[in-house]
Amino acid sequence: MIELMSEKDLDQVVEIENSAFPNNPWSRAYFLKEIRDNDLSEIYVEKQGDEVIAYGDLWFMFENCDLTKIAVKRDYRNKGHGTRMLKYLVNVAKHHGCEYMHLEVDVNNIEAVSLYKENSFETMRIRRGYYDNGADAYDMVKILIEAKPRTVLAIESSCDETACAIIDEDLNVYSSVVTSQIDVHARFGGVIPEVASRMHVEQISTIVKEAINQAKIPLKDIDAIAYTIGPGLIGSLHVGGIAAKSLAFFYDKPLIGVHHLKGHIFANELVRKLKYPLMALVVSGGHTELVYIENDQSFKIIGTTLDDAIGEAYDKVARVMNEAYPGGPVIDKLAKVGKRHYSLPTPKVDGLNFSFSGLKNAVLQLVKKEETLNNPLDKNDLAFAFQEVALNCLIDKTKKALEQYPCKMLVVAGGVAANSRLRKLFEENFRNIDLVLPPLKYCTDNALMIGCAAIHYLKNEKFVELSAPSLASMSIED
Ligand code: KG4
Ligand code: ZN
């Protein structure tokens with residue numbers, strides 16, 4: 001049992017002291033003074049019955065705690081009593097609110113030095129001739145405060161989702177709120193930029209407030225504010241940007257401008273830790289890109305679409321079939337019951353680039369032809385045909401990319417990564433590489449993905465000024 005030392009332990013403690021530190025022991029009078037008069041000192045003893053077998057002394061000086069000594073009775077050495085006493089004293093210091101514990105130890109006292117090292121004390125410097133006998137001492141320190149992971153509030157408003165999320169460096173998710181304008185834009189068959197910006201203005205304050213309320217973390221305790229700086233619809237980006245900047249300015253927080261596609265890519269970290277070099281296939285409404293990522297700050301586009309993005313092609317093909325916006329989920333559903341019936345041409349593009357406008361036009365021509373011939377259009381079969389061709393292009397180019405740029409991991413990112421057939425085909429075709437597909441609800445735009453990316457910006461200290469402009473187009477390589 002370990003307890004505070006009392007005067008009745010004095011004789012035994014002095015005896016251990018003389019045997020443990022024969023060159024410069026503390027005197028009986030000194031110990032007495034320590035326990036009677038020194039309010040800043042506490043001596044603890046470990047006892048078995050009335051027998052003292054170890055003791056340790058602490059001095060408290062504001063945020064610092066000095067461990068002046070630990071001693072173990074001769075017969076009890078090397079039985080873990082030193083470690084037990086040290087751990088106990090560290091806890092005492094933590095309870096006192098100390099931020100670090102400091103000690104000096106004779107460099108020749110190998111046992112003591114290794115005890116401290118094993119308990120995460122670090123050597124700060126050597127004090128030459130510190131002891132009366134001329135021996136050197138190590139100055140050692142242990143940090144007692146456990147650094148809390150930093151939190152980020154992230155805002156996404158690049159297209160037709162207004163979203164806010166709070167996440168910390170250890171990827172603990174405190175909140176993620178998304179509101180979509182899809183219902184409104186569906187009436188027009190696509191996103192109307194002016195309508196989107198106005199709706200962001202209406203939603204943004206409520207969404208940010210909701211994310212803060214759900215997280216139950218006051219804004220003053222958030223460590224950084226992040227937002228999507230680009231690419232996207234400029235009016236929409238501005239709304240999220242202004243909201244983020246207002247919070248950063250008012251609460252004096254660092255500001256992080258996140259590239260939207262990095263958000264899509266880093267959302268995969270919600271599944272597992274990313275390994276580099278990493279290949280990312282970004283498939284969204286605005287982008288189709290193969291990105292070779294050497295580390296979290298080095299992005300190289302090795303393949304891109306020469307015309308339409310794949311998500312855009314899904315949306316347009318759905319429109320040709322008189323289906324609702326967004327077309328991706330609709331085609332996904334129709335194709336599930338479709339069969340091999342229509343044949344569509346495979347786009348021919350050299351290298352690692354993509355092209356989907358030819359495929360989209362082929363669908364349009366096919367629909368027109370069937371109309372002219374008065375043939376009923378089987379939407380399920382057409383969705384199936386389009387999807388097989390489009391997805392096989394993705395697989396083919398991704399395989400080629402991995403041959404040219406060997407990687408430890410492959411991630412798929414962006415709205416189209418929600419596609420059920422894509423997920424199945426990728427799992428079947430990429431068994432030889434660590435493949436990560438984002439959780440379904442984080443495939444399409446959300447703020448949590450912006451938070452995941454923002455954590456990398458925070459660790460790399462990449463911040464932006466309040467004057468930073470939002471950018472409608474922006475390369476992931478910058
Ligand atoms: O990433 P995202 O939410 O927004 C952009 O950054 O563009 O992606 C939206 C795109 C839309 O084109 C939508 O049709 C497509 O993702 N999408 C899908 C599916 N769910 C969404 N495409 C195919 N299958 C899906 N299940
Ligand atoms: Zn997106």
Side-chain angles (χ1 to χ4, degrees), residues 154-163 165 176 178-182 185-186 189-191 193 196 200 227-234 236-237 240 258-268 280-289 291 304-305 308-321 323-336 338 356 359-360 383-384 386-394 411-426 437-453 472-474 476:
I155 293 174
E156 154 65 30
S157 71
S158 66
C159 189
D160 56 349
E161 267 88 23
T162 321
S176 175
V178 185
T179 158
S180 175
Q181 311 170 356
I182 280 179
H185 296 297
V191 180
H200 283 304
Y227 68 105
T228 306
I229 193 166
L233 302 171
I234 194 66
S236 296
L237 287 167
V258 174
H259 190 287
H260 182 78
L261 297 188
K262 289 186 187 171
H264 277 301
I265 292 168
F266 286 117
N268 284 287
L281 172 68
V282 183
V283 279
S284 70
H287 295 86
T288 311
E289 275 168 16
V291 189
T304 188
T305 179
D308 292 355
I310 182 155
E312 193 181 350
Y314 264 93
D315 295 338
K316 287 182 180 164
V317 165
R319 186 140 37 132
V320 168
M321 296 197 290
E323 290 292 337
Y325 171 86
V330 181
I331 301 235
D332 192 351
K333 208 167 145 204
L334 295 174
K336 271 186 192 156
F356 293 105
L359 177 61
K360 173 193 72 185
F384 177 89
F386 161 77
Q387 186 163 271
E388 290 305 298
V389 174
L391 297 181
N392 276 305
C393 288
L394 298 182
V411 303
V412 187
V416 184
N419 186 274
S420 60
R421 182 78 178 138
L422 177 148
R423 296 173 85 93
K424 187 161 181 286
L425 285 175
F426 268 70
L437 297 165
L440 272 186
K441 64 176 171 174
Y442 300 126
C443 287
T444 45
D445 291 349
N446 62 86
L448 201 51
M449 67 184 208
I450 302 302
C452 290
S473 65
M474 181 184 185
I476 196 169

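Ligands are counted one by one from 1 in listed order, and the atoms in each one are counted from 1 as well. Being a predicted model, the structure only gives us computed values, none of them experimental. Numbers here are sequence positions counted from 1.
Those atoms of ligand 1 with a heavy atom of Gly286 less than 4.0 angstrom away are 7 (O). For ligand 1 and His264, the ligand atoms under 4.0 Å from any heavy atom of the residue are 1 (O), 6 (O). Short contacts between ligand 1 and His260, defined as distances under 4.0 Å to a heavy atom of the residue, involve ligand atoms 6 (O). Residue contact check: Pro326 has heavy atoms under 4.0 Å from atoms 14 (O) of ligand 1.
Protein heavy atom in closest approach to atom 21 (C) of ligand 1: Gly415 O, 3.5 Å. Among protein heavy atoms, the minimum distance from atom 3 (O) of ligand 1 is reached at Asp445 N, 3.0 Å. Of the protein's non-hydrogen atoms, Asn419 ND2, 3.0 Å is the one closest to atom 24 (N) of ligand 1.
Nearest heavy atom pair, residue Gly327 against residue Ala318, reads CA-CB, 3.4 Å. Residues Gly263 and Met449 share a closest heavy-atom pair of O-CB, 3.2 Å. Counting all heavy atoms, side chain and backbone alike, Cys443 lies closest to Ala417 at SG-C, 3.7 Å. Pairing each heavy atom of Ser236 with each of Cys159, the nearest pair is OG-O, 3.5 Å.
Glu312 and Lys316 are joined by a salt bridge, as a carboxylate oxygen and a charged side-chain nitrogen come within less than 4.0 angstrom of each other. Arg421 has no carboxylate O lying under 4.0 Å from a charged side-chain N of Asp332, or vice versa, which leaves the two without a salt bridge.
Inter-residue side-chain proximity for Tyr314 and Gln387 is flagged as met; some heavy-atom pair is nearer than 4.5 Å. Contact check for His259 versus Ile229: no side-chain heavy atoms found under the 4.5 Å cut-off. Considering only heavy atoms from C-beta on, Glu156 stays 4.5 Å or farther from Val178 through its side chain.
In terms of polar-atom proximity, Asp315 is counted as a contact of ligand 1, with an N or O under 3.5 Å from an N or O of the ligand. No N or O atom of Thr444 sits closer than 3.5 Å to an N or O atom of ligand 1. Of the polar atoms of Tyr314, none of the N or O atoms is found under 3.5 Å from an N or O of ligand 1, judged by distance alone. At a 3.5 angstrom cut-off on N or O pairs, Gly311 counts as close to ligand 1. Considering backbone and side-chain N/O atoms, Asp332 comes within less than 3.5 Å of an N/O atom of ligand 1.
Residue nearest to atom 10 (C) of ligand 1, selected from Gly328, Gly285, Ala413, Ala318: Gly285 (by heavy-atom distance).
His200 and Ser157 are not linked by any side-chain donor-acceptor pair at a separation below 3.5 angstrom, with hydrogens and angles left out of the test.
Proximity of a side-chain donor or acceptor of Asn392 to a complementary backbone N or O of Val389 within less than 3.5 Å is not detected. Under the 3.5 Å distance criterion, the side-chain polar atoms of Thr288 are left unmatched by any main-chain donor or acceptor of Thr305. Remark: side-chain polar atoms of Thr228 are not paired, donor with acceptor, to backbone N or O of Val258 under 3.5 angstrom.
Each protein N/O/S atom under 2.8 Å from the Zn ion (ligand 2) was counted, for a total of 3.
The closest approach between Cys159 and ligand 1 stays at or above 4.0 Å for every heavy atom of the residue.
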